[in-house]
Amino acid sequence: MKWITARRRHPLAGYAVVIIALALLGVGYAFVAPTADQARADTLAADAEATEVDIANGKQIFTQSCMSCHGEDGTGRTQEETGNASAWGPDLTGVGAAAVDFQVSTGRMPSMNPNAQMPRRTPVYSDQEIADLAAYVDAEFGGGPGIPEQAPGDAPERADYASEAEYEEALETYEAAYESYIAGGDTEAGMKLYMTNCAHCHSWSGAGGALTDGRWAPALTDATPRDIYEAMLTGPGAMPVFNDDVLTEGNKQSLIKFVEELDAEPNAGGPFALDRVGQVAEGFIGWTVGISLIVACAIWITAKQRAHD
Amino acid sequence: MSDNQAPPAPKALRGVGNFIDDRFHLAKTGEKNLRKVFPNHWSFMLGEIALYSFIILLLTGVFLTLWFNPSMAHTVYDGSYERLRGVGMSEAYASTLHITFDVRGGLLIRQIHHWAALIFVASLVIHMLRVFFTGAFRKPREINWLIGVAIFTLAIVEGLFGYSLPDDLPSGMGVRIFQGVLLSIPLIGTYLSFFMFGGEFPGEMIIPRLYMLHILLIPGILLALIAAHFMILWHQKHTQYPGKGRTEKKVVGTPMFPAFAIKAGGFFFFTFAVITGLAGFVQINPIHLFGPFTPTSITSGLQPDWYMGFLEGSLRMFPNWFDFDIGGYAIITGVLVPGLGFMGLLFGGLAAWPFVEAWITGDRRVHNVADRPRNAPVRTAFGVAGITFYGVCWLAGSNDILSHVFQINLYATTWFFRIFLILGPILAFIIAKRICLGLQRRDRETLEHGYESGTITQLPGGEFVEVHKKSSGETVHVLESAKGKDYTPEPTVDANGVESPASRKPMGRLRSRLAHWYTKDNVSFDGVEPHTGHHLHHGTHAEKEKVGQH
């Protein structure tokens, strides 16, 4: 205490207090705020689900979680029908399994508030449950695009396997599938397709961006190849549909290769990549760090004028 | 001269020195200039940051030219950056990749060059703001101010062209916007664009042409202007802030050699260290991630470098409501006004200000002692309003990033900026002027009564007073600089009550009205003598001692 008392009238004391307060606030926020790791935690098992689906279970899930907004027959319900401004849903006729898989496996559905765009979240249902639900919706409300099984989905999670050995085997299988899928694309074609069709909204780095009317294009950094594929097939939200006639399967593979490789690419320019925000962040750092430090130095070297100067 | 003679120089040095001096007579001029005095204040070092970062730009720029190939000829990349191997691109982009990944130290030098460019323009801005707010642009320094404005303008153009050279994604988009602004110029726009690009956008000419402008013409002009800027500064001597012994005729400060030269030299290395530190740790313009530009490419989330941000913002904000056409020829005001109009407003306004101010105030005296910003409230308020206007444009240039990062509706940001672009400067003007006047009032108070010592004493009669103490001589000097600052122009009415012909004309009337408005709110320091206020008497020495005895 004495140490502080002796120094609290120091000319720099005020600045020190502000800096410490800001640092505490920042550290405190970092503890409270959810991290990306939590957000991306996936609890989905590997490829086994495709073989056996339980449509009855899918119906059960639909009844529990989807029907209140999308309606008993899946044709959707308006706000007037549900009598609730924050409970309504679009028609699911012909959306297909791919749309269900995309919406539910990225945690966007079931949505708490259909009036706001849903961010990516931890999915509510397991991979098996999602497969059941997708099969039910596909069978019951008219078929649409199926789940693109060729594009790898989520990586296996340790929690879903009984033993370490089983998990490692599944992981190996997954990584082999991922690599062979990525290797099958063509960077140049993928880059051109991405820059022409996707970068307007998702930005050059795949970090996403602002859209009109309060909507936004989500980041592609957490998206698996299958998520990207399904999004192109089904056009969720404001996104247009790029079906297999518009962008062939090979086109999509190249595009996904470009996105995944760009995201995995290390930042050659230094440890601080500024989240790849680009020029706005660079300008901000140039002013707040660069010029500020140099001006601080100017203040420092001119602060003392000795008698003989 | 001084009594203690320096020991004679070694014979060899003396010989060389005499040889040179016999031929060029440098000793006298050399001595005079080495002993030239520079006022000591941190804000006088800001222009030096610009000089040093310019030197760094020249050196790193030369390094980059050794490998950069300014050609739009098509090539297929086969360098050591694996992700892009086999991708078709221009020679310019391929050689930039080569500099980045295959030239030793190439990426570092590229990043130093880019960071130095950001720091260069930023230091020009803060230097210019310092000169503006302290009134250092007044007679006799108007010409140097104009040269400064030219350097600022050219630096921005130079930055834009340099940004365009690597032919990566942001380059191409920047050039496309540049071409769009060219096209919006009525009558000659399309001709200018075809002339500049040698045909349709993008063609094959633009990069070699921008390269020539970027490495030869503009740096050449910049160098000449910087030299002129310095020679004029040297000749006219630096301005100084008011203080003891500092007059319009006498500069107080540090001699050029050795003290100031050592400080300046050290400052160069510090500037260099900060720029290189940024370049070493913070990634800038990662062209290898952006990929090459193709005319069909367009992306969100990319901006120009910060100094073009205000133009980007004005383009984003300005509505297209005023577009019209004459006989089928469209006049694209939605691009023309924000693209060229705002730039003209900024640079034209900057260039005209010294003359406008002199015209309004009628003050044509020579000023070597700088103003304290509070003592010129209207000018300061104008400056702050200008900063606000620029700042709103600048922020609007990043509205998509702001919208995405802070999750604000994009339309809401646009409308906020549109409204604030008009409202902001007005508010800023009023607030800044009020603050200046408040500070003036406090200055007068301090000058009259001394400063508040924080000691409370009880008078024999029971009254409590705070003891005011006399300010130091230096402080009194600084505070007194507000006296007689406001220039009283020649009376427009002569002894017989007849108005002079000039002030009877509309312009004269406007001028005198503006002159009145310019100074009417200033706090008068007339007749204020230091330490004459009555509070001070309670704090006199004798009385304090008396209190102490109780």
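Y163(B) touches chain A through its side chain: at least one heavy atom from C-beta onward sits under 4.5 Å away, while N, CA, C and O do not. Only the side chain of L274(A) comes within less than 4.5 Å of a heavy atom in chain B; its backbone stays farther off. No part of A189(A) comes within reach of chain B, as not one of its non-hydrogen atoms sits under 4.5 angstrom from that chain. Neither the backbone nor the side chain of V37(B) comes within contact range of chain A; no heavy atoms are under 4.5 Å apart. Interface residue I49(B): only side-chain heavy atoms are found under 4.5 Å from chain A. Heavy atoms of L402(B) lying under 4.5 Å from chain A are absent altogether. Looking at R276(A), only its side chain comes within 4.5 Å of chain B, counting heavy atoms on both sides. At a 4.5 Å heavy-atom cutoff, the contact between W204(A) and chain B is made by backbone and side-chain atoms alike. When heavy atoms are compared at a cutoff of 4.5 Å, D213(A) approaches chain B by way of both its backbone and its side chain. Heavy atoms closer than 4.5 Å to chain A are found in both the backbone and the side chain of V282(B). Of the atoms belonging to L169(B), it is side-chain heavy atoms, and not backbone ones, that fall under 4.5 Å from chain A. Only the side chain of Q111(B) comes within contact range of chain A, judged by heavy atoms closer than 4.5 Å. Interface remark: F290(B) contributes backbone and side-chain atoms alike to the contact with chain A (heavy atom separation under 4.5 Å).
To the nearest 0.5 Å, atom OG of residue S111(A) and atom CE of residue M118(A) are 4.5 Å apart. For the atom pair L118(B) CG and I285(A) CD1, the distance stands at 11.0 Å (nearest 0.5 Å). Atom NE2 of residue H114(B) and atom CG of residue N285(B) lie 4.5 Å apart, to the nearest 0.5 angstrom.
Between Y241(B) and F44(B), the distance separating the two ring centers is shorter than 6.0 angstrom.
For the pair R108(A) (side chain) and P119(A) (backbone), a donor-acceptor distance under 3.5 Å is absent. In this structure, S297(B) contributes its side chain and F293(B) its backbone to no donor-acceptor pair below 3.5 Å.
Taking chain A as the reference chain and counting heavy-atom pairs below 4.5 Å, the highest number among M45(B), H404(B), Q303(B) is found for H404(B). The choice from I401(B), L289(B), L278(B), L107(B) that makes the most heavy-atom pairs within less than 4.5 Å of chain A is L289(B). Comparing S205(A), P271(A), G283(A), G208(A) by heavy-atom pairs within less than 4.5 Å of chain B, the highest count is held by P271(A). Each of T187(A), L293(A), N267(A) has some count of heavy-atom pairs under 4.5 Å with chain B, and the biggest count is that of N267(A). Heavy-atom pairs under 4.5 Å with chain B were tallied for F258(A), F272(A), W287(A); the largest tally goes to W287(A). For the set T294(B), I275(B), I298(B), the entry with the most heavy-atom pairs within less than 4.5 Å of chain A is I298(B). Per-residue counts of heavy-atom pairs under 4.5 Å with chain A were compared for A279(B), A273(B), G88(B), P304(B); the largest is that of G88(B). When A217(A), C198(A), A268(A), A281(A) are compared by the number of non-hydrogen pairs under 4.5 Å with chain B, A268(A) comes out ahead. Listed options Q407(B), H288(B), M89(B) were ranked by heavy-atom pairs under 4.5 angstrom with chain A; first place goes to H288(B). The most heavy-atom pairs under 4.5 Å with chain A, out of G86(B), A122(B), P258(B), S403(B), come from A122(B).
The one candidate from F270(B), F268(B), F269(B) that meets the ring pair (Phe, Tyr, Trp, His ring centres under 6.0 Å) condition with Y52(B) is F268(B). Paired with S90(B) under the rule side-chain hydrogen bond (donor to acceptor under 3.5 Å, both in side chains), one option of T75(B), D167(B), D168(B) passes, and it is D167(B).
Contact between A151(A) and Y229(A) at its shortest, heavy atoms only, is CB-CD1, 4.1 Å. Counting all heavy atoms, side chain and backbone alike, D244(A) lies closest to K252(A) at OD1-NZ, 2.6 Å.
E188(A) and Y77(B) are not linked by any side-chain donor-acceptor pair at a separation below 3.5 angstrom, with hydrogens and angles left out of the test. S300(B) and D400(B) share no donor-acceptor pair across their side chains, judged by distance under 3.5 Å alone. Defined by atom type and a distance below 3.5 Å, a donor-acceptor pair is missing between the side-chain atoms of T224(A) and R226(A). Using a 3.5 Å distance cut-off with no hydrogens or angles, the side chains of N251(A) and S254(A) do not pair a donor with an acceptor.
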